[in-house]
Participant: 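Have a look at this one before I ask anything.
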Amino acid sequence: MTSVPSGRPDPPPASAAASARVAVAPDPVGPGGRLQPLADDGTPLGPPRTVPDLARAVAEREAEGPPRWVWAATDELYARLLDRLPVRLARCHDLKLVEALLLGYEERHARPRSLGAAWARLHGLPEPADPRESGADDQPALFAADRHRLPPGTDHLAAVVAVHAAQLGRVAEAGHPGRLRVLCAAESAGALAAVEMGRDGLPWSADEHDAVLTSLLGPRPAGTARPEVLGRLTEEFQRAVGAPVNPDSPAQVLAAFARSGVALPSTRSHVLRESRHPAAAVLLRYKELSRIHSAHGWAWREQWVRGGRFRPEYVVGGVVSGRWATRGGGALQIPRLLRPAVRADPGHRLVVADAGQLEPRVLAALSGDPGLVRAAAGGDLYAGLARAAFDGDRSRAKIGLLAAMYGQTGGEAGRLVAELRRRFPAAMELLEATARTGEAGGTVRSRLGRTSPRPADDWQQAAAGAAGDEEDASPAQRAARAWGRFTRNFVVQASAADWALALLAALRRRLAGSPGARLVFFVHDEVVVHCPAALAPVVASAVTDAAAEATALVFGPTPVPFPLGTQVVECYADAK
DNA sequence: AGCCTACGCGCC
DNA sequence: AAAGGGCGCGTAGGCT
């Protein structure tokens with residue numbers, strides 16, 4: 001285990017003031033449920049209360065002063081409550097997400113994390129496997145309780161109370177309990193935001209979307225036919241290679257190029273761009289248009305855009321680094337070409353906030369490397385880096401630093417990394433130490449304590465199947481290096497995700513006082529808020545304040561600034 | 001028909 | 001010395 005070095009104290013607990021908690025268990029069927037007030041250490045305060053209308057009881061309790069709601073899974077229970085709640089809930093403790101964080105911290109990554117599984121572990125019972133996560137075609141609501149995997153006859157509320165208390169104890173035993181507490185609170189707040197954002201949706205203009213598609217692909221074809229332009233480009237491509245080749249088949253395309261005397265290593269666009277063969281340019285154009293049509297064409301719009309909103313399903317903790325994933329619609333990959341379709345409602349604005357150079361700043365803050373900290377302090381980190389080590393060549397500085405964080409060693413980038421090692425030894429040593437840990441099969445942690453998984457037991461054998469005729473490295477060595485690149489990047493990416501999650505939570509809390517302002521998008525290092533135009537300045541300053549709060553929570557006092565570029569626009573395409 | 005992998009590309 | 005991290009999704013092409 002390698003911990004991230006730090007000379008700074010733990011941040012304070014997420015809620016310094018004593019705040020009540022309330023455990024929640026919905027009835028298996030119907031609108032009722034049970035509530036159990038808890039002390040901050042998880043001890044029950046008084047008897048549980050049975051209520052006929054859970055949403056109403058939760059709303060009333062929230063109005064008395066928001067407790068931290070403790071429940072099995074936000075994505076299931078909060079999603080059901082939200083429609084019937086007059087307000088949004090301030091705080092929660094998501095047992096499933098916290099269980100996953102703790103299992104990772106305890107290096108038991110592979111274990112199931114449902115409430116039922118956690119309950120079983122507490123009682124020495126066999127652990128039920130996690131249910132298959134799935135989207136729209138899921139089990140009907142009647143079976144929702146089954147998703148928690150509680151053994152039949154188990155009291156849901158008692159299980160919530162017991163697992164919660166046990167989790168608080170496990171957090172307290174961690175190496176940095178304060179940081180882990182922040183992580184659990186931020187992850188849980190993120191789960192609330194994810195449900196809300198999925199509900200509210202991203203403003204999306206079908207007309208603008210169509211205008212973009214039509215300008216690129218021509219008029220919409222009838223039914224599921226492909227646009228004529230794709231047929232024309234296919235024919236043109238086939239004439240150019242002199243064979244009836246499917247342009248969507250990399251194998252056929254490579255063979256056709258080979259027949260005309262051009263050996264390509266792949267059909268990737270950067271390879272095609274270097275080829276002088278006349279078919280290459282046609283193929284590139286075909287790929288570009290075909291991609292838009294198949295990935296974000298009219299069919300996508302009809303499937304995902306309803307009532308002027310794109311509503312993706314966010315999956316909190318969907319990536320081991322703590323980044324979110326999404327299910328359906330590819331929400332985290334909205335192509336730049338389509339951003340004109342993201343438009344604020346009339347009289348509204350989008351406040352788009354983007355954390356610039358987040359990962360290198362995270363590296364500076366984690367390592368405390370004096371040179372890198374100085375470079376970060378100047379505003380443009382890469383420019384500062386360039387002045388210190390690359391004769392002012394900003395692009396080489398950027399390539400070198402990214403290569404160092406990704407573990408690239410070959411070619412020009414490798415030489416740039418060598419220069420970085422001379423000038424920024426502490427930062428580079430942090431990266432190399434985490435890589436060595438991974439190569440040896442160990443785990444590393446983010447700043448707040450999110451822990452990398454261990455490689456599979458047979459990780460070095462499994463890699464033996466890969467074609468390995470290169471160099472002198474054995475398959476096992478190459479597998480070790482690959483895992484080292486993963487852990488090397490994990491610390492930076494996961495700590496950046498810590499910061500972004502803290503930002504989201506802080507911003508969400510600040511926006512609670514402005515009901516017209518809604519978080520509508522979150523992607524790794526960027527948030528978008530939709531609000532009435534008059535509110536935009538307030539939202540923009542809330543964003544700035546939230547960034548400062550996130551920096552303090554995650555990194556404590558640090559000389560490294562984490563600036564958030566904030567823009568107020570009507571259309572997403574106009575941002576930066 | 002469904003299931004799986006490889007490939008390629010979009011985003012960060 | 002070492003040949004670039006994380007995703008979702010669509011298509012092709014092989015498998016059962």
Side-chain angles (χ1 to χ4, degrees), chain A residues 135 226 245-254 264-272 283-284 286-297 299-300 303-304 312-315 317-339 354-359 363 399-418 431-432 434-436 438-439 444 452-453 465-468 470-474 477-494 496-497 500 521-527:
Chain A
R226 307 185 85 199
V245 166
N246 177 357
D248 286 320
S249 166
Q252 290 182 30
V253 168
L254 286 182
L264 296 178
S266 77
T267 62
R268 291 182 194 171
S269 43
H270 70 92
V271 171
L272 292 172
L283 184 57
L284 280 169
Y286 170 86
K287 280 156 127 359
E288 183 186 9
L289 296 183
S290 165
R291 164 119 199 133
I292 285 288
H293 177 250
S294 64
H296 288 277
W300 180 92
Q303 181 175 2
W304 294 107
E313 183 184 358
Y314 294 94
V315 184
V319 182
V320 289
S321 66
R323 282 183 172 185
W324 290 11
T326 56
R327 254 196 301 263
L332 304 186
Q333 310 136 247
I334 298 171
R336 297 196 169 275
L337 275 174
L338 282 184
R339 297 193 180 184
D354 183 328
Q357 307 173 333
L358 178 57
E359 294 193 350
L363 176 61
I399 289 169
L401 191 52
L402 291 174
M405 292 190 296
Y406 290 160
Q408 188 176 355
T409 54
E412 168 71 3
R415 286 189 288 282
L416 299 176
V417 172
L431 293 172
E432 281 158 21
T434 57
R436 286 194 297 270
E439 288 178 11
V444 295
S452 70
E470 289 181 13
E471 313 293 328
D472 50 353
S474 72
Q477 286 173 313
R478 281 185 289 113
R481 283 177 204 142
W483 201 264
R485 287 192 298 277
F486 167 64
T487 51
R488 168 196 292 262
N489 183 253
F490 180 95
V491 172
V492 175
Q493 186 184 117
F521 195 55
F522 173 57
V523 52
H524 309 325
D525 60 359
E526 180 180 342
V527 293

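In what follows, every heavy atom counts, from backbone to side chain, and hydrogens, waters and symmetry copies are set aside. Residue numbering restarts at 1 for every chain, and letters A, B, ... go by the order of the sequence lines.
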Participant: Rounded off to whole Å, could you give me the CZ-to-P distance for the A:R485 and C:dG4 pair?
Facilitator: 6 Å
Participant: In the 5'-to-3' direction, what one-character label does each nucleotide of nucleotides 4-12 of chain B receive under the scheme B = base within less than 4.0 Å of a protein heavy atom, S = sugar-phosphate only, - = no such atom?
Facilitator: ---SBBBSB
Participant: Taking CD from A:Q303 and P from C:dC9, how many angstroms apart are they, rounded to a whole number?
Facilitator: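 Spelled out: CD on A:Q303 to P on C:dC9 is 10 Å.
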Participant: Which residue pairs satisfy the salt bridge (Lys or Arg N to Asp or Glu O under 4.0 Å) criterion with at least one member in residues 402-412 of chain A, sequence neighbours excluded?
Facilitator: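 Salt bridge (Lys or Arg N to Asp or Glu O under 4.0 Å) check on residues 402-412 of chain A returns A:R396-A:E412, A:E412-A:R415.
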Participant: The criterion is side chain to side chain donor-acceptor pair (under 3.5 Å); which residues satisfy it with A:E526, sequence neighbours excluded?
Facilitator: A:Y572
Participant: Could you state the atom-to-atom distance from CZ of A:R226 to P of C:dG10 in whole Å?
Facilitator: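 In whole Å, C:dG10 P lies 14 Å from A:R226 CZ.
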Participant: At 4.0 Å (heavy atoms only), tell me whether A:G328 reaches a base, stays on the sugar-phosphate, or touches nothing.
Facilitator: sugar-phosphate
Participant: Write down the distance between CZ (A:F486) and P (C:dA3), rounded to a whole number of angstrom.
Facilitator: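 It works out to 19 Å between those atoms.
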Participant: May I ask you to evaluate whether A:N246 reaches the phosphate of C:dA12, defined as a side-chain N or O under 4.0 Å from OP1 or OP2?
Facilitator: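 Yes, within the criterion.
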Participant: In this structure, how many angstroms lie between the C1' atom of C:dC9 and the CH2 atom of A:W304, rounded?
Facilitator: 11 Å
Participant: Would you kindly give the CD-to-P distance between A:E439 and C:dA2, to the nearest whole Å?
Facilitator: 13 Å
Participant: Could you label the plane-to-plane angle of the A:F490 and A:F486 rings as parallel, tilted or perpendicular, counting under 30° as parallel and over 60° as perpendicular?
Facilitator: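 Geometry flag for A:F486 against A:F490: perpendicular rings.
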Participant: OP1, OP2 of C:dG13 versus side-chain N and O of A:S249: anything below 4.0 Å?
Facilitator: yes
Participant: Whole angstrom is fine here: how far is it from CZ in A:F490 over to P in C:dC7?
Facilitator: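 For the pair A:F490 CZ and C:dC7 P, the rounded distance is 10 Å.
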Participant: Between C:dG13 and A:Q252, is there an OP1 or OP2 to side-chain N/O distance shorter than 4.0 Å?
Facilitator: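 A:Q252 to C:dG13 OP1/OP2: side-chain N or O found under 4.0 Å.
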Participant: Measure CD1/A:I399 against P/C:dA3 and give the value in whole Å, please.
Facilitator: 19 Å
Participant: State which of C:dA1, C:dG10, C:dG5 makes the closest approach to the side chain of A:S294.
Facilitator: C:dG10
Participant: Using a 4.0 Å heavy-atom cut-off, does A:G329 contact any base of the nucleic acid, only the sugar-phosphate backbone, or nothing at all?
Facilitator: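 Sugar-phosphate contact only - A:G329 comes under 4.0 Å of backbone atoms but never of a base.
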Participant: Indicate yes or no: at least one non-hydrogen side-chain atom of A:L401 is less than 4.5 angstrom from one of A:L363.
Facilitator: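 Yes; the side chains approach each other to less than 4.5 Å.
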Participant: What pairs with A:D525 under side chain to side chain donor-acceptor pair (under 3.5 Å), at least two apart in sequence or on another chain?
Facilitator: none
Participant: Which residues satisfy the side chain to side chain donor-acceptor pair (under 3.5 Å) test with A:Y406, sequence neighbours excluded?
Facilitator: none
Participant: So if I take every side-chain heavy atom of A:D248 and compare against C:dT11, C:dA2, C:dG5, which nucleotide ends up nearest?
Facilitator: C:dT11
Participant: Please measure how far the C1' atom in B:dC9 lies from the corresponding atom in C:dG4, and state the result in whole Å.
Facilitator: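 Comparing C1' positions in B:dC9 and C:dG4 gives a spacing of 16 Å.
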Participant: Could you tell me which residues satisfy side chain to side chain donor-acceptor pair (under 3.5 Å) with A:R436, sequence neighbours excluded, listed by chain and number?
Facilitator: A:E429
